[in-house]
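A short write-up of the structure that comes next.
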Amino acid sequence: MKKRIEINVALEVFAKEEWSEIDASLLAEAERILEIAHAPYSNFLVGAALLLEDGQIFSANNQENVSFPVGVCAERAVLSYAMGNNPNTAPVKLAIVAKRRAGMELATVTPCGLCRQTINEYEFKFGKPIEILMLGPGDEMYRASGIDQLLPFRFSDLNS
Ligand code: THU
């Protein structure tokens, strides 16, 4: 072996008492909107709420399609809409809440690969990390400080 490249990543977990007011609002909004997702094929409900640096909050849910690959995740839905309408305002926090099906307890979902790459795009565009908050059962909030923690070896030139 000529060299070994190692990146350490971490998620931090916070109890409800430790959440900031804005974290609680974003998680509540993601939890509200997951209930009205269009997910008749998987029944898996996902809500995402995005905070922009100017204080605006946007939210969306997963939108499935009878042609399965056409479906869109909650995270990409909210990022596309919010960034499409606010191309000059950095996103700063993204909350994600999911349930395996209506009426079940929360599933602790981390974003899929496509969504991670999309989050990376807007971190790169604005040069600012996007905190990713994921809610689990028992009011435990998992926090990634930025996409580095979820997509450490992303598409990039290792030598630049
Ligand atoms: N889904 C999301 O909305 N976000 C994720 O991060 C993972 C998966 C959606 C896609 C599909 O509608 C359903 O959850 C099951 O995969």
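Counting starts at 1 for both ligands and their atoms, in listed order.
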- Quick one: look up the protein heavy atom nearest atom 6 (O) of ligand 1 and list residue, atom name and how far away it is. E75 OE2, 2.5 Å

- Sub-4.0 Å atoms of ligand 1 with respect to non-hydrogen atoms of S42: 13 (C), 15 (C)

- Query: Where is the tightest heavy-atom contact between A77 and V72, given as atom of each residue plus distance?
  - Reply: N-CG1, 3.9 Å

- Task: Look at ligand 1 and say whether A39 reaches it with a heavy atom at a distance under 4.0 Å.
- Result: no

- Query: Looking at atom 9 (C) of ligand 1, what's its closest protein heavy atom, distance included?
  - Reply: N62 ND2, 3.6 Å

- Taking both backbone and side-chain atoms of C115, is any N or O found less than 3.5 Å from an N or O belonging to ligand 1? no

- Is there a heavy atom of C112 sitting under 4.0 angstrom from any atom of ligand 1? yes

- Taking atom 3 (O) of ligand 1 as the reference point, the nearest protein heavy atom with its distance: A74 N, 2.9 Å

- Counting each atom of ligand 1 from 1 as listed, which ones have a heavy atom of F44 under 4.0 Å away? 13 (C), 14 (O), 15 (C)

- Within 6.0 Å of OH in Y81, more than 12 heavy atoms from elsewhere: no

- Item | Considering all heavy atoms, the nearest T89-M83 contact | O-CE, 3.4 Å

- Query: Do other residues, nucleotides or ligands put more than 12 heavy atoms under 6.0 Å from R32 CZ?
  - Reply: yes

- Message: Show the nearest heavy-atom pair for residues V97 and A30, with the distance to one decimal.
- Response: CG2-CB, 3.5 Å

- Task: Check whether more than 12 heavy atoms from other residues, nucleotides or ligands sit under 6.0 Å from atom CZ of F153, and answer yes or no.
- Result: yes

- Message: Check this for me: does any side-chain nitrogen of one of E35 and K99 sit under 4.0 Å from a carboxylate oxygen of the other?
- Response: yes

- Item | NZ/K125: more than 12 non-hydrogen atoms of other groups inside 6.0 Å | yes

- Verify atom 1 (N) of ligand 1: protein non-hydrogen atom under 4.0 angstrom away: yes

- ligand 1 versus C73: contacting region, heavy-atom distance under 4.0 Å: both

- Query: Which of the numbered atoms in ligand 1 are below 4.0 angstrom from a heavy atom of P111?
  - Reply: 6 (O)

- Just which atoms of ligand 1 are under 4.0 Å from any heavy atom in E64? 11 (C), 12 (O), 13 (C)

